[in-house]
Colleague: 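The structure that follows is given in the form of structure tokens.
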Amino acid sequence: MIAIPYLTALTTYFSYGLLFAFGQFRDFFRKFFDFFNSTNFHGYAPICLGLEDFYIRRLYLRIQDCFGRPISSAPDAWFDVVERYSNDNNKTLKRTTKVSRCLNLGSYNYLGFAAADEYCTPRVVETLNKYSPSTCSSRVDGGTTLLHNELEECVANFVQKPAAIVFGMGYVTNSAILPVLMGKGSLIISDSLNHNSIVNGARGSGATIRVFQHNTPSHLEDVLREQIAEGQPRTHRPWKKIVVIVEGIYSMEGEICKLPEIIAVCKKYKAYTYLDEAHSIGAVGKTGRGVCELLGVDTADVDIMMGTFTKSFGSCGGYIAGSKELIKYLKYTCPAHLYATSISPPAAQQIISSIKVILGEDGSNRGAQKLSQIRENSNFFRSELQKMGFEVLGDNDSPVMPIMLYNPAKIPAFSRECLKQNVAVVTVAFPATPLLLARARICISASHSREDLTKALKVISRVGDLVGIKYFPAEPQKQQQEGKTLKFD
């Protein structure tokens, strides 16, 4: 868990309180003037009400230029960001014809497959000419091509499970699968920092939901023991089934799941394990097979493996891998398979080709080089940020590294100053994170060169000094240390 310094927490609360007070003050006068200039709404109630609407109008709109920045090139190590301007204090943003060439530190392009690739791109273009951009049908109608069958076999072999099923959208993979697998009388035990797709899928299932402390196997065991002893609410009957849901790499924290310990607890209490590897599959492990390979976990011990193709594979969609019985059941019952349009054929070919590159089946060692490069880049960048005095979350080998900002005024300041120096970063704040824990999330790619990372570190260091987000003392440089040593001698 993050330990916020008291002074930082106090100033952050004060800043939000000040913004809230001035926002309410402005809303009061807006209602007063609107009373005399009322518009006839024909009896309709306002669609947007409450604190959420207030937050958007009075806080988010002030800094919305830091979000949703349009790009006009492939999301490679460098990309083109379209410049925008506003004439009404950021209420509306207008695009210009100008672009800025920026270093990309925000895309999930972990292995660099999102840009043109010598092996993948020609095969994707060939597939586009043969199958068209879309099947225009669901899988059970006319939306299953030879590529979809090949993709499912390829994914199952890659993650080392008996079978797999693929979907056209990563978010839907969680939100549509969980209501099929779980229902009334079932228990979902979810990590407190699981992704929103898991949260919505669990809520839509109708199952009872319990939460355990983030990445804490001991608390998971306490929750399991308590729930098994109590049983279902009111009736106290035994649970029909219990599923524990965790992520391989947590997207907002950059932390790697303590999977061996969690699996040991699940085995002890006969609970199923559901592993979301959206940010870990393809990005970690010796051959890119995710946290199971990284942590030495047998994939047979994970009952349901979920992942997306939107990160390491440079495509779209998601997958569920498990037993043949599980996948057969999902193909008969999952609405995302029965009713949604199947994954685009060119997107499917991109995934197949990228997996072949990762495994070296393209006849080269580029896949191994990419995996080695992203590991070296991630660990180098993380260590350098920590040496500078930034508070960086996450674990080694993780390509996701959040830099804590905390104060709401530092969110736009950090983002805008980095963009001025041609470094594009992603800032994240409430409601995607807790109110006090705003951060900048850096995503490292294998396509970044050491020169790219060195430039980014220099810019982030300068901006960090300007904004005041170096919460720890920086380590002295080697030259200074050597000079002091010589002087002492």
Colleague: Can you see which heavy atom on Ala336 is nearest to which on Val172, and at what distance?
Modeller: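 Looking at all heavy atoms of both residues, the shortest contact is CB-CG1, 3.5 Å.
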Colleague: How close do Ala440 and Phe414 get, counting heavy atoms only, and between which atoms?
Modeller: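 For Ala440 versus Phe414, the nearest heavy atoms are CB-CE2, 3.5 Å.
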Colleague: For Leu259 and Val302, which heavy atoms make the closest approach, and how far apart are they?
Modeller: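 Looking at all heavy atoms of both residues, the shortest contact is CD2-CG2, 4.5 Å.
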Colleague: Is there a side-chain contact between Phe313 and Gln350 (heavy atoms, below 4.5 Å)?
Modeller: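 They are not in contact (no side-chain heavy atoms under 4.5 Å apart), so the answer is no.
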Colleague: Spell out, as yes or no, whether a donor-acceptor pair under 3.5 Å connects the side chain of Ser86 to the backbone of Thr92.
Modeller: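 Checking the backbone N and O of Thr92 against the side chain of Ser86, a donor-acceptor pair under 3.5 Å is found.
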Colleague: Quick one: NZ on Lys410 to CG on Leu466, what's the gap to the nearest 0.5 Å?
Modeller: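 One finds 11.0 Å between NZ of Lys410 and CG of Leu466.
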Colleague: Determine all donor-acceptor pairs shorter than 3.5 Å in which one atom belongs to a side chain in residues 338-348; sequence neighbours excluded.
Modeller:
unit_1: Ser342; atom_1: OG; unit_2: Thr135; atom_2: OG1; d: 2.6
unit_1: Ser342; atom_1: OG; unit_2: Gly143; atom_2: O; d: 2.7
unit_1: Ser344; atom_1: OG; unit_2: Pro133; atom_2: O; d: 2.5

Colleague: Have Ser461 and Lys470 got a donor and an acceptor in their side chains that come within less than 3.5 Å?
Modeller: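 Lys470 and Ser461 do have a side-chain donor-acceptor pair below 3.5 Å.
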Colleague: Would you please indicate if the ring centroids of His214 and Tyr250 are separated by under 6.0 Å?
Modeller: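 Between His214 and Tyr250, the centre distance is under 6.0 Å.
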Colleague: Pair Arg69, Ser100 - check side chain to side chain donor-acceptor pair (under 3.5 Å), show working.
Modeller: CA-CA 11 Å; Arg69 288 172 176 152; Ser100 299; over 6 Å; no
Colleague: Measure the acute angle between the ring planes of Phe309 and Tyr319, then classify it against the limits of 30° and 60° as parallel, tilted or perpendicular.
Modeller: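 Geometry flag for Tyr319 against Phe309: tilted rings.
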Colleague: Pair up each side-chain donor or acceptor in residues 72-79 with any protein partner under 3.5 Å, not counting sequence neighbours, and list the distances.
Modeller:
unit_1: Ser73; atom_1: OG; unit_2: Asp80; atom_2: N; d: 2.8
unit_1: Trp78; atom_1: NE1; unit_2: Asp452; atom_2: OD1; d: 3.0

Colleague: Could you tell me the separation between the SG atom of Cys66 and the CG atom of Leu419, rounded to the nearest 0.5 Å?
Modeller: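 So the gap between those two atoms works out to 8.5 Å.
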Colleague: Work out which heavy atom in Arg462 is nearest to a heavy atom in Gln421; give both atom names and the distance.
Modeller: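 Looks like NH2-OE1, 2.7 Å.
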Colleague: Less than 4.0 angstrom from a charged side-chain N to a carboxylate O is my criterion; do Arg439 and Glu253 meet it?
Modeller: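 Judged by the 4.0 Å cut-off on N to carboxylate O distance, Arg439 and Glu253 do form a salt bridge.
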Colleague: With a 4.0 Å cut-off, would you call Arg210 and Glu230 a salt bridge?
Modeller: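 Salt bridge between Arg210 and Glu230, a charged N being under 4.0 Å from a carboxylate O: no.
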Colleague: Using the benzene-type ring in the case of Trp, are the ring centres of Phe430 and Tyr16 under 6.0 Å apart?
Modeller: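 Aromatic pair excluded; centres sit 6.0 Å or further apart.
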Colleague: Check the angle between the aromatic planes of Tyr110 and Tyr108 and answer parallel, tilted or perpendicular using the 30° and 60° thresholds.
Modeller: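 Tyr110 and Tyr108: tilted rings.
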Colleague: Carefully, step by step, assess Ser398 and Glu255 under the rule side chain to side chain donor-acceptor pair (under 3.5 Å).
Modeller: CA-CA 7 Å; Ser398 170; Glu255 293 181 2; over 6 Å; no
Colleague: Do Leu220 and Glu261 make a side-chain contact, defined as non-hydrogen atoms from C-beta onward lying under 4.5 Å apart?
Modeller: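 No; the side chains remain at least 4.5 Å from each other.
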Colleague: side-chain contact (heavy atoms from CB on, under 4.5 Å), that's the test. Do Ile469 and Tyr471 meet it? Break it down for me.
Modeller: CA-CA 6 Å; Ile469 56 174; Tyr471 296 101; 4.1 Å; yes
Colleague: Check Arg84 against Gly68 and note the closest heavy-atom contact, atom names and distance.
Modeller: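 Scanning both residues completely, I find the closest heavy atoms to be NH1-O, 3.4 Å.
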Colleague: So, for Ile374 and Ala283, which heavy atoms are closest and what is the spacing to 0.1 Å?
Modeller: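 It is CG2-O, 3.8 Å.
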Colleague: Output yes when a side-chain donor or acceptor of Ser197 lies under 3.5 Å from a complementary backbone atom of Ser175, and no otherwise.
Modeller: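 It does not hold such a pair.
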Colleague: Please identify which of these residues, Phe20, Tyr60, Phe22, meets the ring-ring contact (aromatic ring centres under 6.0 Å, His included) condition with Phe54.
Modeller: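 Filter result, single survivor: Phe20.
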Colleague: Do Asp276 and Asn174 pass the side chain to side chain donor-acceptor pair (under 3.5 Å) test, and can you show the C-alpha distance, the side-chain angles, and the key distance before you say yes or no?
Modeller: CA-CA 8 Å; Asp276 179 337; Asn174 276 327; 2.9 Å; yes
